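I'd like to ask some things about the structure below.
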2 protein chains.
Amino acid sequence: MAAVTVYGPPLSTAVSRVLACLLEKEVKFKLVPVDMSKGKHKTPDFLKLQPFGQVPAFQDEAVTLFESRAICRYLCDKYADQGTTGLLGKKEGGIVERALVEQWLEAEGQSFNLPSSVLVMNLAFAPRMGMKQDPDAIERHAGRLAKVLDVYDQRLGESRFLAGDEFTLADLSHLPNGQYLVNTEKGDLFTSRKNVKRWWEDISSRPAWKKVVKMQTTPPS
Amino acid sequence: MAAVTVYGPPLSTAVSRVLACLLEKEVKFKLVPVDMSKGKHKTPDFLKLQPFGQVPAFQDEAVTLFESRAICRYLCDKYADQGTTGLLGKKEGGIVERALVEQWLEAEGQSFNLPSSVLVMNLAFAPRMGMKQDPDAIERHAGRLAKVLDVYDQRLGESRFLAGDEFTLADLSHLPNGQYLVNTEKGDLFTSRKNVKRWWEDISSRPAWKKVVKMQTTPPS
């Protein structure tokens, strides 16, 4: 029996961040669908797991957690020696290596996430859901994201991955929004930057992430 | 000689987050002012320290870091046994206790930070800087923040601090925006909620934070 349970649909970027981490770490898990179109994430039972009424919620033995990046850190700490190691820095790299991962993971959460989420919402989700797009927001946030990716492009000219020469949680955390974004009309934000393009091709072709994308495109049975 | 150097003005919320952590951990540091009104955070020399051109930048011996929450985690890991311990969870609490801190620290970064920053910018900074306020943004983000603080109020009815019964980085990280916000017309977002009010009075009266506020209100010599 799987000790780990994830609640939420794989199409959610935050859910897919956690799934990518579980698959990298080779942790067995059970995925419990949450039908957000029916408001199941706002029911009293779900709010006991996730008080903000968002996905994912997460359980592992005695602990219940929310916030995808916090769940990923927990998985890396708890299952340190299995699957892909070093997602929070190699053990021998100590505190400094972990800090470099945290630095770029925070750059994702604080600088990349907002503009990329606005673009994903407008360009990938809105058309599927019959929602109106906001052209001003698209241009404003594309401009913001371009500036962030200019910094990334410079950094990725110095090292293969954001935090150094190894794939870490800092890279992984960009996959969910990046995947939607590269398939929209603003995909050139990634593909027009030489080092970002190389990095994106590298991280998005990892077997764990390809499994997540397959889960996203397979209708629930 | 102080091994640790922080670059940036204490009035910056991100700088003051790092200062609060340094003072809690009783780590000696040197504060180097960065005159942002003269664009000093966009100079080539500063961009070598902080490629996004934001404050703070941070140095400790051989490592240079940015992103305030990443710097705080580093300080807690590196100076684990001095000053206030347990900011990332008590050692005996292990991985699960750290995960609970991370969960609420991410709630701050992902749910509290954006609406509170918009309010601080409009209600605290704009008047001082002669900038125009955006009434729509104020109301929209006050509404968002109210929902976040409703969840906090429920949580803080169960435990003294966000992650449990001890003061942690999750609480500390709310101080910078909270301090500006409570002194604006939207301060009742905090004071009208019984448990949030009690928690705010508790965390904002800590000696380390009072020193930061004093640094913010003392003109640089």
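Please read these numbers as outputs of a predicted model, since none were measured by experiment.
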> Which residues pass the ring pair (Phe, Tyr, Trp, His ring centres under 6.0 Å) test with A:F46, sequence neighbours left out?
Replying inline: none

> Relative to each other, are the rings of B:F190 and B:W199 parallel, tilted or perpendicular (30° and 60° limits)?
Replying inline: parallel

> Looking at A:G53, A:A70, A:S111, which makes the most heavy-atom pairs under 4.5 Å with chain B?
Replying inline: A:A70

> Given a strict heavy-atom distance threshold of 4.5 Å, which part of A:V148 is in contact with chain B: side chain, backbone, both, or neither?
Replying inline: both

> Given a strict heavy-atom distance threshold of 4.5 Å, which part of A:R155 is in contact with chain B: side chain, backbone, both, or neither?
Replying inline: neither

>> Walk me through whether B:L11 and B:F125 qualify under side chain to side chain contact (heavy atoms under 4.5 Å, CB included).
In response: CA-CA 10 Å; B:L11 284 171; B:F125 288 160; 5.5 Å; no

> Among B:Q54, B:E102, B:R98, B:E106, which residue forms the greatest number of heavy-atom pairs with chain A at distances under 4.5 Å?
Replying inline: B:E106

> Hey, are B:T43 and B:D45 close enough side-chain-wise for a donor-acceptor pair under 3.5 Å?
Replying inline: no

>> Holding to side-chain contact (heavy atoms from CB on, under 4.5 Å), I want the full list of residues that pass it with B:A107, two or more places apart in sequence or in another chain.
In response: A:F52, A:E67, B:W104, B:Y152

>> If we define contacts as heavy-atom pairs under 4.5 Å, which of B:L65, B:D60, B:L105 has the most with chain A?
In response: B:L65

>> side chain to side chain contact (heavy atoms under 4.5 Å, CB included), that's the test. Do B:L19 and B:L31 meet it? Break it down for me.
In response: CA-CA 9 Å; B:L19 296 178; B:L31 185 62; 4.1 Å; yes

> Between A:N113 and B:Q110, do the side chains contain an N or O donor and an N or O acceptor separated by less than 3.5 Å?
Replying inline: yes

> Under the side chain to side chain donor-acceptor pair (under 3.5 Å) criterion, do A:W209 and A:E24 qualify, and how do the steps go?
Replying inline: CA-CA 8 Å; A:W209 180 246; A:E24 288 284 354; over 6 Å; no

>> For the backbone of B:A14 and the side chain of B:R69, can you confirm whether one donor and one acceptor N or O come within less than 3.5 Å of each other?
In response: no

> Out of A:D188, A:D150, A:D153, which residue meets the side-chain hydrogen bond (donor to acceptor under 3.5 Å, both in side chains) rule with A:R193?
Replying inline: A:D150

> Salt bridge between B:R144 and B:E139, side-chain N to carboxylate O under 4.0 Å?
Replying inline: no

>> Less than 4.5 Å to any heavy atom of chain B: does that hold for the side chain of A:L114, its backbone, both, or neither?
In response: side chain

>> Quick check on the structure: residues of residues 71-85 of chain A within a heavy-atom distance below 4.5 Å of chain B, by number.
In response: A:R73, A:Y74, A:D77, A:K78

>> Report which part of A:S68 has an atom under 4.5 Å of a heavy atom belonging to chain B: side chain, backbone, both, or neither.
In response: neither

> Who in residues 162-171 of chain B is close to chain A, using a strict under-4.5 Å heavy-atom cut-off?
Replying inline: none

> Can you tell me if A:T5 and A:Q59 form a side-chain donor-acceptor pair at under 3.5 Å?
Replying inline: no

> Do the non-hydrogen side-chain atoms of B:P176 and B:S16 ever get within less than 4.5 Å of each other?
Replying inline: yes

